[in-house]
Amino acid sequence: DAKTTQPPSMDCAEGRAANLPCNHSTISGNEYVYWYRQIHSQGPQYIIHGLKNNETNEMASLIITEDRKSSTLILPHATLRDTAVYYCIVRAPYQGAQKLVFGQGTRLTINP
Amino acid sequence: ETGVTQTPRHLVMGMTNKKSLKCEQHLGHNAMYWYKQSAKKPLELMFVYNFKEQTENNSVPSRFSPECPNSSHLFLHLHTLQPEDSALYLCASSQQTRTSSGELFFGEGSRLTVL
């Protein structure tokens with residue numbers, strides 16, 4: 001699996017957009033970018049994923065650079081409940097169970 | 001509510017006890033996973049089951065014994081654990097097909113304390 005690099009921590013004011021970067025310079029052509037988050041003492045929660053096009057769902061937007069070597073997760077209007085550790089993972093889906101490997105992630109703190 | 005239910009949510013056991021963690025998924029998925037999360041450490045993948053067959057054992061000590069009787073249920077049997085095995089144990093499931101993206105759905109976890 002391609003290695004990802006994320007800042008260990010970030011702060012954001014409530015109501016503002018939170019932009020979480022991820023570097024994955026060794027990503028392969030068939031690898032997707034996945035984002036998960038983990039609120040304290042809960043199981044991780046899937047947020048969004050993408051291959052090369054930008055993606056948006058009800059939780060967030062995912063912006064992937066044209067060379068696919070980095071991406072940004074955007075929470076458009078952060079709330080206090082978005083305080084969590086955010087994980088960026090790259091993985092090639094294949095027929096069979098996925099071995100998703102989680103790194104240290106980014107600890108995002110939303111401040112009132 | 002993610003559709004993945006883990007019981008018990010909290011477990012305290014002695015080093016000589018035998019206990020089991022249970023996971024049930026109501027999503028119709030065909031793959032299930034056990035992860036371990038120790039304090040201040042990333043999630044560690046322990047076991048992966050695909051169509052009830054174990055496809056991954058990430059060098060887990062034999063005192064942890066998984067069991068997958070069907071695609072909806074996954075157990076982790078615990079025997080003669082050590083205090084350093086105290087952690088949050090997370091179960092997850094996913095749907096693995098040629099066209100699916102296979103995102104994982106996690107349970108809330110079972111917090112284990114070994115005395």
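Below, read A as the first sequence line, B as the second, and so on, with proteins coming before strands; counting in each chain starts at 1.
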**Asked** Near B:R63 CZ, under 6.0 Å, is it more than 12 heavy atoms from other residues, nucleotides or ligands?
**Response**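 Counting other residues, nucleotides and ligands, CZ of B:R63 exceeds 12 neighbours.
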**Message:** For A:F102 versus B:P42, what's the shortest heavy-atom pair and its separation?
**Reply:**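 Where A:F102 meets B:P42 most closely, the heavy atoms are O-CB, 3.6 Å.
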**Asked** Is there a side-chain contact between B:L90 and A:P44, using heavy atoms and a 4.5 Å cut-off?
**Response**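 Side-chain contact under 4.5 Å: yes.
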**Sub-4.5 Å side-chain heavy-atom contact between A:Y36 and B:E103** = yes
With the 4.5 Å side-chain cut-off for hydrophobic clustering, are [X] and [Y] part of the same group?
X: A:I39; Y: B:V4; value: no
X: B:M15; Y: B:F64; value: yes
X: B:F75; Y: B:L112; value: no
X: A:I63; Y: A:I48; value: no

**Prompt:** chain A: which of B:Q37, B:H29, B:Q95, B:R111 shares the most heavy-atom pairs with it under 4.5 Å?
**Reply:**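 Answer, by heavy-atom pair count under 4.5 Å with chain A: B:Q37.
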**Message:** In terms of relative ring orientation, are A:Y46 and B:F105 parallel, tilted or perpendicular, with 30° and 60° separating the classes?
**Reply:**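 Ring orientation, 0 to 90° scale: tilted.
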**Prompt:** To the nearest 0.5 Å, what is the distance between CG (B:L43) and CD (A:Q104)?
**Reply:**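 Nearest 0.5 Å value for the CG-CD distance: 10.5 Å.
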